[in-house]
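For reference, the structure discussed in these notes is given below.
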Amino acid sequence: MSEAHPYRSRNAKGVMDSCGSLRAADVGRTVTISGWVNRRRDHGGLIFLDLRDHYGITQAVIEPDEPAFAETDKVRSEWVVTITGKVVARTPETVNKDLPTGEVEVRIGSLKVQSQAQELPLPVFGDLDYPEDVRLKYRFLDLRRERLHRNIMLRANIVTSIRRRMIEQGFTEFQTPILTASSPEGARDFLVPSRRYPGQFYALPQAPQQFKQLIMVSGFDRYFQIAPCFRDEDGRADRSPGEFYQLDLEMSYVTQDDVFAAVEPVLAGVFEEFANGKTVTKPPFIRIPFAEAMLKYGTDKPDLRNPILITDVSDVFARGDVEFKAFKNKTVRAIPGPGAGPQPRSFFDKLNDWARSEGAAGLGYIILEDEGGKLTGKGPIAKFIPAEALADLTKRCGVGAGDALFFSADAKDDRAAKIAGLARTRLGQELKLIEDGTFKFCWIVDFPMYEWNEEEKKIDFSHNPFSMPQYDRGKFLALDKDDKDTILGLKAYQYDIVCNGYELSSGAIRNHDPDVMLKAFEIAGYAREETEEKFKGMLNAFRHGAPPHGGTAPGIDRIVMLLAGEENLREVTMFPMTQSAQDLLMNAPSPANAKQLKELHLRVVMPEAK
RNA sequence: GGGGGCGUAGCUCAGUUGGUUAGAGUGACGGCCUGUCACGCCGUAGGUCGCGGGUUCGAGCCCCGUCGCUCCCGCCA
């Protein structure tokens with residue numbers, strides 16, 4: 001303790017002083033603290049500096065007859081300074097109750113400028129909103145601001161909590177390669193050219209999928225990793241372009257229920273820890289089969305805070321006494337609008353316009369009114385629906401006088417379901433029915449193994465090609481490519497976790513049987529030799545004793561986004577790219593020089609100008 | 001790849017039907033001010049109205065193209 005520290009002093013207990021540490025108990029001490037000048041208030045004779053660091057804000061003050069006055073007079077916002085001075089108590093009327101350090105201030109005895117700041121493109125002080133490109137280019141300034149700084153710390157704390165909870169559940173963290181092989185199916189890969197093998201490429205992992213399965217085959221159990229995942233796909237508000245993080249996990253000798261039982265307490269626990277007063281679904285989370293989700297919610301990621309439930313009413317419009325031609329021979333889904341009856345005509349017109357903009361033919365509706373104790377329908381299509389049919393509709397959809405009922409109709413089931421789902425969300429928002437202050441979890445289970453690709457007229461994997469089909473092994477191996485209906489009806493041990501309308505996690509019980517795997521890929525159009533070649537390592541492993549295994553991979557970024565109350569991943573990512581996948585701070589991507597290209601045996605062919 | 005929104009001072013924004021010299025707040029700079037904590041008061045500087053083209057006597061405003069950011073569709077096993 002003999003030599004003074006150049007930036008930060010310590011108290012008698014050896015605890016470091018900072019811009020957030022000083023309290024009334026420190027009055028009388030001489031301290032050294034460093035930080036950014038958050039704000040400067042010049043009273044001519046008297047200068048106040050609010051000094052800010054990671055830990056907080058402390059007011060410093062100096063009077064004109066002090067030796068350090070001239071130096072203090074020079075400093076501006078965001079300069080970095082070190083001050084040494086005496087901690088004094090503020091007079092009662094000058095205490096700032098909004099600051100934890102507000103009972104004291106530091107009298108500047110000496111001040112050293114460590115770093116100056118040019119005029120700021122983005123003020124750190126204040127909480128105004130600024131353009132995204134400026135925020136990204138000057139991310140280091142944005143990160144100094146309270147909101148982002150808080151979000152990033154929240155993220156770090158959440159990740160720490162997840163690690164602790166996983167380890168407490170008996171999981172072990174393993175690292176997996178970043179430079180690996182490209183895999184077919186799925187998203188577009190990022191490729192890394194090989195210097196030593198001309199014309200050959202590594203790929204960045206879209207997820208450590210095959211590695212975690214190999215870890216299970218290698219005899220380890222209960223793997224997890226906060227894993228970076230790379231996918232060359234375009235961004236969305238809830239999907240970063242290029243890269244993101246997953247809580248990747250895998251377990252051996254487990255059923256689907258075992259995976260659920262392992263994951264639920266971790267997610268529920270971490271949400272409860274950071275929910276900040278919001279309620280969280282208690283495990284076990286309810287399980288909704290995919291088909292039921294598509295019917296009742298019109299999506300495989302339902303927001304259960306929205307009380308609206310969709311009902312299939314195709315049969316009502318198929319009845320002989322219902323003569324509404326536009327709905328005949330179509331899938332018709334009814335979406336209740338509780339309490340929407342009194343809304344003005346413009347409300348219904350706007351919804352109809354919106355539905356058309358989503359590609360629907362429109363959004364039909366009837367408004368339900370009480371006419372002398374009798375429930376009647378009003379609106380453009382009400383006249384086509386006789387009383388008996390109307391009674392059936394209202395009973396099945398659980399609506400009454402004062403409510404409205406909307407209809408999504410399409411020749412194709414999935415399109416009718418999708419529009420109904422969008423309408424459900426929109427109605428929930430417009431009618432303010434979405435419950436606030438809660439995180440509602442559910443599992444979506446029994447995803448279809450395959451789906452029909454209309455464009456290419458072929459069968460595709462609908463989700464994860466490594467999932468185990470829910471089907472008798474012998475019958476599966478005997479399937480013919482022409483058993484289209486059977487194949488498209490197959491379900492997989494494939495499941496998602498959904499929270500408040502966001503897909504948080506996707507997982508499966510894996511297919512660890514090489515014969516079933518070859519068959520599964522064959523059905524999706526991959527020749528056996530092709531599958532052997534693409535998954536050589538994994539198939540080989542499966543032929544040397546593979547345990548049944550399964551897992552899932554919750555998205556870290558989305559978990560943090562939900563807990564931070566943000567609606568965009570960039571608000572919880574330290575150094576995000578733009579939606580068009582550019583890093584404006586580090587200037588990536590950028591051209592490679594001739595030497596680099598030569599070493600990699602690459603030549604650039606620019607796209608032709610339009 | 002496609003559709004919508006936005007783009008005016010360092011920053012946040014206003015800008016009428018197309019009409020003289022494009023404004024305000026904030027920040028910067030200078031002056032005044034001893035208890036502020038969004039300090040206050042006075043003054044100064046700061047603009048290729050994203051860029052290019054067109055219509056017009058005249059364009060920040062209208063038209064076409066283009067660039068950037070963003071939201072969405074496609075895509076995301």
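Numbers restart at 1 for each chain; the letters A, B, ... are given by sequence-line order, proteins then strands.
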Separation between the [atom1] atoms of [N] and [M], rounded to whole Å:
N       : M       : atom1 : value
rC76(B) : rG65(B) : P     : 31 Å
rG68(B) : rU8(B)  : C1'   : 16 Å
rC6(B)  : rU12(B) : C1'   : 14 Å
rU21(B) : rU66(B) : C1'   : 31 Å
rC42(B) : rU56(B) : C1'   : 44 Å
rG50(B) : rG7(B)  : P     : 8 Å
rG15(B) : rC61(B) : P     : 15 Å
rU16(B) : rA28(B) : P     : 31 Å

*Does Arg39(A) make a side-chain donor-acceptor contact with the base of rG27(B), cut-off 3.5 Å?*
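No, the side chain and the base share no sub-3.5 Å donor-acceptor pair.
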
*Is any N or O donor-acceptor pair between the side chain of Arg239(A) and the base of rC76(B) shorter than 3.5 Å?*
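Yes, the side chain and the base share a sub-3.5 Å donor-acceptor pair.
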
Can you tell me which nucleotide in [options] comes closest to the side chain of [X]?
X         : options                   : value
Thr94(A)  : rC29(B), rG27(B), rG35(B) : rG35(B)
Glu119(A) : rG27(B), rG74(B), rU36(B) : rG27(B)
Pro121(A) : rU36(B), rG10(B), rG74(B) : rG10(B)

_Pairing stems for RNA chain B [at least three consecutive pairs; Watson-Crick or G-U; under 3.5 angstrom]_ =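 RNA chain B stems, ordered by first number: B:1-7 with B:67-73, B:10-13 with B:23-26, B:28-32 with B:40-44, B:50-54 with B:62-66.
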
In whole angstrom, give the distance that lies between atom [atom1] of [X] and atom [atom2] of [N].
X         : N       : atom1 : atom2 : result
Arg40(A)  : rG35(B) : CZ    : C1'   : 16 Å
Asp98(A)  : rA38(B) : CG    : P     : 7 Å
Glu243(A) : rC76(B) : CD    : C1'   : 15 Å
Gln206(A) : rC75(B) : CD    : C1'   : 12 Å
Arg145(A) : rA38(B) : CZ    : C1'   : 14 Å
Glu105(A) : rC39(B) : CD    : C1'   : 15 Å
Asp42(A)  : rG30(B) : CG    : P     : 11 Å
His43(A)  : rC39(B) : NE2   : P     : 8 Å

May I ask you to say what [X] touches in the nucleic acid, namely base, sugar-phosphate or nothing, with a heavy-atom cut-off under 4.0 Å?
X         : value
Arg76(A)  : sugar-phosphate
Arg558(A) : nothing
Gln209(A) : base
Ile57(A)  : nothing
Gly45(A)  : sugar-phosphate
Tyr130(A) : sugar-phosphate

Going by distance alone, is a donor N or O of one side chain under 3.5 Å from an acceptor N or O of the other, for [X] and [Y]?
X         : Y         : answer
Tyr297(A) : Asp303(A) : no
Asn151(A) : Glu566(A) : yes
Gln210(A) : Ser183(A) : no
Ser110(A) : Glu71(A)  : no

Answer whether the closest heavy-atom distance between the side chains of [X] and [Y] falls below 4.5 Å.
X         : Y         : value
Thr176(A) : Pro205(A) : no
Tyr245(A) : Pro228(A) : yes
Arg570(A) : Arg135(A) : no

Is a side-chain donor or acceptor of [X] paired with a backbone partner of [Y] at a separation under 3.5 angstrom?
X         : Y         : result
Asn306(A) : Arg424(A) : yes
Arg356(A) : Ala361(A) : yes
Asn38(A)  : Asp50(A)  : no

N/O to N/O distances under 3.5 Å, protein versus nucleotides 68-71 of chain B:
residue	atom	partner	partner atom	Å
rC69(B)	OP1	Gln582(A)	OE1	3.0
rC69(B)	OP2	Ser580(A)	OG	3.3
rU70(B)	OP1	Gln579(A)	N	3.0
rU70(B)	OP2	Gln579(A)	N	3.0
rU70(B)	O3'	Arg570(A)	NH2	3.2
rC71(B)	OP1	Asn568(A)	ND2	2.3
rC71(B)	OP1	Arg570(A)	NH2	2.8
rC71(B)	OP2	Gln579(A)	OE1	2.5
rC71(B)	N4	Gln579(A)	NE2	3.4

*Can a side chain N or O of Arg41(A) be found less than 4.0 Å away from OP1 or OP2 on rC39(B)?*
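True: Arg41(A) side-chain N/O within range (under 4.0 Å) of rC39(B) OP1/OP2.
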
*Is the distance between the ring centroids of Phe535(A) and Phe466(A) less than 6.0 Å?*
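Yes, ring centres under 6.0 Å apart.
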
*asked:* Please compare Val134(A) and Gly186(A) by the position of their nearest nucleotide in RNA chain B and report the one closer to 5'.
replied: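 In this pair, the answer is Val134(A).
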
*Where each residue is assigned the nucleotide of RNA chain B containing its nearest heavy atom, which of Gln246(A) and Val61(A) is assigned the position nearer the 5′ end?*
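Per heavy-atom nearest nucleotide, the more 5' residue is Val61(A).
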
_Within 45° cone and under 6.0 Å: Arg39(A) NZ/CZ vs Phe125(A) ring_ =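 Yes; both conditions hold, so Arg39(A) lies above the ring face of Phe125(A).
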
